Amino acid sequence: MNQTTKWILVVGALGLTALGLLALIMVILVVGPVQPFGPTDTPTPAGTRTISGMVRDAVTLQAIPQAQVQTGSTSVSSDESGTFAIPLPPGAALHVSATGYEGQDVQPTAETVLIELVRTPQGTYELVHAYQIAGDYGRQYDLLHPDVQALFSRDDYVRYMEQTVDYVIVARSYGDTTILPSWAFMDRTYTDVAQVPFTLTIERGGAQQAQSDVGHLARANGMWRWFRGPIGQPTVTPAVWPTITPALPTAGPAPFPVGSWVEVNVANLNLRAGPGTGYAVVTTVSYGTRLQVAAGPTVVGADRWYQVTDGGAANGWCNGRYLAASTPVTPTPTTGPVFPVGSWVMVSSPDGRLNIRQGPGLGYAVVAVLNNGTRLRILGGPVPADSASWYEVTDEAGKVRGWCEGRYLVSTTPPATITPTIGPVFPVGSWVQVSSPSGRLNIRQGPGTNYAVIAVANNGTRLRIVGGPTVVGGVPWYEVVNDPQTYQGWCSGQYLTPVGPPPPTITPTSQPDFPPGTWVLVSSPDGQLNIRSGPGSQYSILRSVPNGTRLRVVQGPTWVEGAPWYLVTDEGQTFTGWCNGRYLVLAPVTPTSTVEPTFPVGTWVQVASPDGQLNIRSGPGPSYPVLYTAHNGDLLVIAGGPQWVSGDPWYNVSGPPGSTPGWCNGRYLVLAAPTPVPTQGPGAGQFTELQFCVIPPGGGEADCSGNFASPVYEVRIVWDYVNMQSGMTVRREWYFNGQHLNTVDEPWDYARYGAQGTVWDVRMWDNQGLDPGDYRLILYLNNVKQQERGFTIARR
């Protein structure tokens, strides 16, 4: 190898070495430093903690899956239950976000954390419409801005929506949210307001249509809350002319028997501690909840109230108009055998005794403790509760009654005999009459003195046995119904004696026709005749009059179920009502009394003339020209008089609106009869949920507690109404500290208020302040009492 070749090799080796070093430098610069041999994990910074938690919706409290939880370069997603775990370096914070929600930064102070995300304005409006689609108007109300909630109560809003929403949302879309610097609503200006355009596709009457609108929301109580205008709030205003309207049946479904199953048919239904709106609300159940009737009905005003239970915590009284019949619930016991109602069982518990409770479940109070071997009879059940089957039972003596777990019962043979210690035995279908030392007998909701009294029957009252006997405390109790079938309940058999069936209805072969103005006498097989509020036996009894009572026919006949009914009044015109014409006979002579009834100015009267019509003249007496002719039954108001002409009292009267005032002979007038309204039956106008509310000065949430601290300048009277018709008459009677204050009569303005809704702005007020004390209001509709409730203003 010569010298030249050697140098070439040396230079080449040096070049390769240089290229290798250059490549190594490039690798270090591009890839990073070469890791040493051994472990390759990056050391965890000192003080790092693992944070676990849950992400949920701040409104619905439902878990939010796939929420992003991030700290520094680490990010995790919540699982289906909304939970997550993530390492958190010292001093770092969690950033949590989810689609449709506002992001939130959280600095955990503990190892576990609950994160509630607030929906964006668009997300909030989506929830508003979701609740409407589900018919959950109560939760929709909860998303309203507090200033809007102050305009009407939650119950008023729910009722209004249920009554007015006649469409279904089938599709919806939302536009981009715009934040406004300010926005005005109901004379108030709001800042930080979100504007959300949306389009709803609705279906009404089988046809679909699109509706576009712009919604507004503002922050309140830590989240976005939406706005809507006030709900309709009708006002009752005075008018001039009362009208006699046709008979109307009362509202509500047919009675539900004890033990039957019903279903809630409103979005939210209050269960109360007793029958009526005056009792406290114990719980609220939602639409579709199935309940079992435990007691009732108890009639309050014009409503039937029932005690209902779901077999658990829901146990209370509710208005039957918000219930519908449902198929029976067949419980599936988790443990223990099934015992038929009426069978006999024996206590068999591992610890030797068994608790008897007020209701089916461990949450009910213990009413008795029975030892093993105690014989019981099954009265009801099974009802599933607390992973067990519960039965209603009573002991042999009837002294203990309540609910117990079926797993601690075993079948046994019935007692040899059950012999009542007091009273005879009456078969079902037989007739009895009340015979009590006190002269009257309580009719109760169930067999035993622990049940509420629903009616009181006097001695001699005829009753028919429809159930029993049920022995309670050695005494036989019977389910009975009275002869007119106006009530049905239970009573003690020791105060009953057998009696024959009621006499058959006497149907004359020919029925005389009594024209208005005719005098008749009462002639009834049982010695007296019921005067009722309307033409038919379904109307309430105003009074009973004995045979021989002289009556004057005012109107009729109206034929009901094959019988002629007449509107009549007595000689002194102290009452007016309807009776069955089959028990009337023509009076032998016209009354000779020279004393004619007088009608004060302002009294409403009706025409009742023997020839069916009455001349209205330009002056008091038959010599004056006839202005027009009124007919029997026409309504007139006394404007002046009487002036006596030839022994007859003449009155100045006003007729229907538009007619000319004039004079007529008072001998052919009778007091105007109250509008006949039956006490039971579907479809009648009714007032419900009467309450009194005070709105704080400057606005805010109304106080409807009924107990107000002086000074109070205005109290609003709030009640619901249903099935109203044009011409109905409303009367409000006010009492203060037990003394009558005033009475206001006015016709219902149907054209303005419609058939159903909520009265809100009728009020009692005084700009000097209402006097402290107890106020009470009685509401009447067509002379039939509807509601009675009061409020108190106390001195500070």
Side-chain angles (χ1 to χ4, degrees), residues 51-71 78 81-84 86 88 92-132 134 136-154 157-158 174 176-186 188-198 214-230 268 284 696 698-703:
I51 301 297
S52 60
M54 176 183 179
V55 184
R56 71 181 186 184
D57 188 303
V59 175
T60 67
L61 304 183
Q62 299 296 313
I64 303 176
Q66 301 303 311
Q68 298 300 308
V69 184
Q70 184 176 2
T71 173
S78 60
S81 61
T83 60
F84 67 89
I86 189 171
L88 181 69
L94 301 178
H95 179 73
V96 186
S97 60
T99 303
Y101 294 84
E102 295 181 336
Q104 186 179 150
D105 290 319
V106 180
Q107 186 74 54
T109 58
E111 306 304 316
T112 59
V113 62
L114 174 64
I115 301 170
E116 293 184 341
L117 294 186
V118 174
R119 291 176 181 254
T120 61
Q122 177 178 320
T124 301
Y125 242 108
E126 290 179 353
L127 185 59
V128 168
H129 290 142
Y131 282 147
Q132 180 163 333
D136 197 344
Y137 301 117
R139 293 189 178 180
Q140 192 181 53
Y141 174 90
D142 294 338
L143 290 174
L144 281 167
H145 193 279
D147 291 350
V148 181
Q149 292 176 341
L151 300 175
F152 39 80
S153 70
R154 193 176 196 263
Y157 178 82
V158 171
Y174 304 84
D176 294 332
T177 300
T178 302
I179 303 299
L180 304 178
S182 64
W183 176 72
F185 177 81
M186 297 292 289
R188 289 195 61 178
T189 300
Y190 297 83
T191 58
D192 196 17
V193 174
Q195 179 176 282
V196 180
F198 60 88
V214 176
H216 294 85
L217 308 96
R219 288 189 181 277
N221 300 332
M223 62 187 67
W224 293 99
R225 308 287 285 269
W226 69 300
F227 291 81
R228 63 154 291 147
N268 290 286
T284 301
E701 183 176 357
D703 177 6

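Only a predicted model underlies this, so the values are computations on that prediction, with no experimental measurement involved.
With contacts defined as side-chain heavy-atom distances shorter than 4.5 Å, the pair Glu116/Leu61 qualifies. The shortest distance between side-chain heavy atoms of Val193 and Phe227 does not fall below 4.5 Å.
Legend: residues meeting side chain to side chain contact (heavy atoms under 4.5 Å, CB included) with Ile179, ordered by chain and number and at least two apart, are Thr177, Asp192, Ala194, Trp224. Annotation: side chain to side chain donor-acceptor pair (under 3.5 Å) contacts of Thr284 (sequence neighbours excluded): Asn270. With sequence neighbours left out, the side chain to side chain contact (heavy atoms under 4.5 Å, CB included) criterion links Thr120 to Glu102, Gln122. By the side chain to side chain contact (heavy atoms under 4.5 Å, CB included) test, Thr189 pairs with Ser182, Ala184, sequence neighbours left out. Considering only residues two or more places apart in sequence or on other chains, Gln104 meets the side chain to side chain contact (heavy atoms under 4.5 Å, CB included) condition with Val106, Ile115, Leu117.
The minimum heavy-atom distance between Tyr131 and Gln140, with the atom names listed, is CD1-N, 3.8 Å. For the pair Pro146 and Ala220, the tightest heavy-atom approach, listed with the atom from each and the gap, is CD-CB, 3.7 Å. Taking both residues in full, the closest heavy atoms of Asp176 and Pro197 are given as O-CD, 3.3 Å, listed atom of the first, atom of the second, then distance. The minimum heavy-atom distance between His216 and Leu180, with the atom names listed, is CD2-CD1, 4.0 Å.
The aromatic rings of Tyr157 and Tyr141 sit tilted relative to each other, their planes meeting at an angle between 30° and 60°.
For residues 103-125, the ring-ring contact (aromatic ring centres under 6.0 Å, His included) pairs, not counting sequence neighbours, are Tyr125-His129, Tyr125-Phe198.
Judged by distance alone, with hydrogens and angles left aside, the side-chain atoms of Arg154 form no donor-acceptor pair with the main-chain N or O of Asp142 at under 3.5 Å. For the pair Gln107 (side chain) and Ala92 (backbone), a donor-acceptor distance under 3.5 Å is present. Checking side-chain atoms of Thr124 against main-chain N and O of Trp226 turns up no donor-acceptor pair under 3.5 Å. Within the 3.5 Å criterion, the main-chain N or O of Pro181 finds no donor-acceptor partner in the side chain of Thr191. Under the 3.5 Å distance criterion, the side-chain polar atoms of Thr71 are left unmatched by any main-chain donor or acceptor of Leu88. The backbone N or O of Ala218 sits nowhere less than 3.5 Å from a side-chain atom of Arg225 that would complete a donor-acceptor pair.
Atom-to-atom distance recorded for Met54:CE and Thr112:OG1 is 12.5 Å, nearest 0.5 angstrom. Summarising the geometry, atom CG belonging to Leu94 is positioned 13.0 Å from atom CD belonging to Gln68; distances are rounded to the nearest 0.5 Å. To the nearest 0.5 Å, the span separating CG on Asp57 from CE on Met223 amounts to 8.5 Å. In this structure, OG1 in Thr83 is found 13.0 Å from CD1 in Ile64, a value given to the nearest 0.5 Å.
Other residues, nucleotides and ligands place more than 12 heavy atoms under 6.0 Å from the CG atom of Asp105. No more than 12 heavy atoms of other residues, nucleotides or ligands shown are found within 6.0 angstrom of CZ on Arg139.
Ring centroids of Phe185 and His145 are separated by 6.0 Å or more, keeping the two rings apart.
With hydrogens and angles left out, the side-chain atoms of Tyr190 and Asp147 include a donor and acceptor closer than 3.5 Å.
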